[in-house]
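One structure below.
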Number of protein chains: 2
Amino acid sequence: MLTDSSTPSQLDILNIKSSCATCSLRELCLPVGLDEKEVQVLGDVVSHKRKIQRGSYLHRTGTEFQTLFAIRSGFMKTCVLEEDGRQQVTGFHMTGELLGLDAISTEMHTCDAIALEDSEVCEIPFAKLEEISRTIPSLMHQFHKIMSREIVRDHGVMLLLGSMKAEERLATFLLNLSRRFSIRGYSASDFNLRMTREEIGSYLGLKLETVSRAFSKLQDENIISVDNKHIQINDIERLRTKMGSSSCRS
Amino acid sequence: MLTDSSTPSQLDILNIKSSCATCSLRELCLPVGLDEKEVQVLGDVVSHKRKIQRGSYLHRTGTEFQTLFAIRSGFMKTCVLEEDGRQQVTGFHMTGELLGLDAISTEMHTCDAIALEDSEVCEIPFAKLEEISRTIPSLMHQFHKIMSREIVRDHGVMLLLGSMKAEERLATFLLNLSRRFSIRGYSASDFNLRMTREEIGSYLGLKLETVSRAFSKLQDENIISVDNKHIQINDIERLRTKMGSSSCRS
DNA sequence: CGATTACTTTGATCCAAGTCAATCAAAGGT
DNA sequence: ACCTTTGATTGACTTGGATCAAAGTAATCG
């Protein structure tokens, strides 16, 4: 379930090869299986773009929800914050992914979304999306798949947090990133992290020192090379065995 | 965020006071805000009932997905099974809650659902649900809220698994159960657990011995009384402080 | 540019929770 | 009633990761 599950889930959201007509929708997840005219209708709804500077908020916990956001370019994190300062990063998000799904339930955002590099998003007014999805069944179905995939992804993270050791968590994380970069046309074995050790730690339920040590350990074993935020995966197969040794799979 | 987050989420799914007409739908989450005729349409779709004996499967990982399940009565767990036989519980589910949402993405179930006591579920053919939700916007919207709520709930669990200590996890878990029982008209302070210590541990990312010790500790402090599976909450306020207390540096 | 701040690495300890193991209690089967 | 199985509790001990501390390195900014 996880071996490739915290792994496959988040990324399959993207469907670069979708046959959309309008350029501005090409990288989105939603238009899968739509014909040209339907893409047009969707395009009218998602037209509004927004730039988010590195370090600034796309949305904050507690603010009103009106639109979903589709990441057009860049890299973001979402995190839930407790009043005492306890913070948990709930996800890292890249091009093509949809943010704001959590906010549908209460019509308020339940997490913060922060850009980890300069990013661009499309706003998708949710009420309008629901409206047009009434007349475009495949759009509605695709949207349901996306929400479902988010649930599966979260279950994968729960499994990771509930039963994996530090090194396994990091291996899983790196393989997940690797796959997602690769799907987007970037190298699967050579990439730059956008987040700090602390943010990785928060996501993986570890302290930053533990993350750093796990990196060093994997490097000592020649499985990866680490130069600060620059990561090279030298032996992806051994990295995979790290991930699956004590838990998950199926 | 979690203080009342892994807590409120799962249960608000239920909406006992919804004004549905047909008796068979009364406890369901879906009919919120529907008029009588619409409830009728929905009723035609969800009519089929199924009994699940304690210990048996509602669905298994990898099997084909066609219908969602609404729990009509009983108590279930969902879990992913690891190759070595160990299982990670991803949730406990009671009356009114919807199962199978994870399966929409791939059209295969991604987890097992097992009855922890004799239970009854309604089958909701998903294709039909999508179909009728085209003509009943409030049904579609309610369904989206339910999926979103599941995502929020999972984020709460991630926060719990990522940053809470054993005792805090157990306190959070008990308060969540308490609230869900109370919403369904049962005592908030006196109930029987349906699951074993091991299953609780799996859900909370702890070993069963740790769960047992955490129970004993809370009992020693006179916050709860434990007699095997029978739990009494003696001081719900102090239990609440347990949940969010730990010092917690940033 | 150098100074200040933010991030990373590494080492030395400590402790919460895991592991191993014994005992007990309840439930089921014959 | 008697065994067997399953689940719960508790104790002794071990350990993985947290914590504390120090030093190094990369960004950022006036």
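The figures here come from the full heavy-atom set of this structure, side chains too, leaving out hydrogens, waters and symmetry mates. Lettering of chains follows the sequences in order, A, B, ..., and the numbering in each one begins at 1.
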Does A:Q53 CD have over 12 foreign heavy atoms under 6.0 Å away? no
Has the side chain of A:E199 got a donor or acceptor that lies under 3.5 Å from a partner of the other kind on the base of C:dC7? no
Whole-Å distance, A:F215 CZ to C:dT10 P, equals 12 Å
Side chains of A:I233 and A:F191 in contact at under 4.5 Å (non-hydrogen atoms): yes
For B:L208, answer base if it contacts any base atom (sugar-phosphate contacts may also be present), sugar-phosphate if it contacts only those atoms, and nothing otherwise; contact means non-hydrogen atoms under 4.0 Å. base
Does the side chain of B:S216 get closer than 4.0 angstrom to OP1 or OP2 of D:dT10 through an N or O atom? yes
Is any side-chain N or O of B:K229 closer than 4.0 Å to OP1 or OP2 of D:dA8? yes
Phosphate OP1/OP2 of D:dG7: any B:R197 side-chain N/O under 4.0 Å: no
Take atom CG of A:D227 and atom P of D:dA27, then tell me their distance rounded to the nearest Å. 9 Å
Flag for B:H155-A:T110: side-chain donor and acceptor within less than 3.5 Å: no
Please tell me which of the listed nucleotides, C:dC7, C:dA21, D:dG7, lies nearest to the side chain of A:T196? C:dC7
Rounded to whole Å, the CD-P distance (B:E198 to C:dT19) equals 12 Å
In degrees, rounded to 10°, what is the bend between the two ends of the helix from C:dC1-D:dG30 to C:dT30-D:dA1, using five pairs at each? 50°
Determine the contact category for B:S212: base if any of its heavy atoms lies under 4.0 Å from a base atom, sugar-phosphate if only primed atoms, P, OP1 or OP2 are that close, otherwise nothing. base
Rounded to the Å, how far apart are B:N192 CG and C:dA26 C1'? 14 Å
Presence of salt bridge, B:K51 and B:E117, under 4.0 angstrom: no
Salt bridge (Lys or Arg N to Asp or Glu O under 4.0 Å) between B:E168 and B:K165, worked out: CA-CA 5 Å; B:E168 300 173 301; B:K165 292 196 206 300; 5.8 Å; no
A:E209 CD to D:dC20 P: how many Å, rounded? 10 Å
Please confirm whether the shortest side-chain N or O distance from A:R54 to OP1 or OP2 of D:dT28 is below 4.0 Å. yes
If you look at every strand shown and take non-hydrogen atoms under 4.0 Å, does B:G205 touch a base, only sugar-phosphate, or nothing? sugar-phosphate
Side chains of B:Q219 and B:K217: does their closest heavy-atom pair fall under 4.5 Å? no
Can you find a side chain N or O atom of B:K207 that sits less than 4.0 Å from OP1 or OP2 on C:dT19? yes
Reckon A:R213 has a side-chain N or O less than 4.0 Å from the OP1 or OP2 of C:dT10? no
Nearest heavy-atom neighbours spanning B:G100 and B:F65: O-CE1, 3.8 Å
What's the CE-P distance between A:M195 and C:dT8, to the nearest Å? 11 Å
Rounded to the nearest Å, what distance is computed from the NZ atom of residue B:K165 to the P atom of nucleotide C:dG18? 13 Å
C:dA17, OP1 or OP2 - any side-chain N/O from B:T210 closer than 4.0 Å? no
For DNA chain C, whose closest nucleotide is more 5', that of B:N228 or that of A:V211? A:V211
Is B:E120 salt-bridged to B:R50, going by a charged N under 4.0 Å from an acidic O? no
B:R194 CZ to D:dT6 P: how many Å, rounded? 23 Å
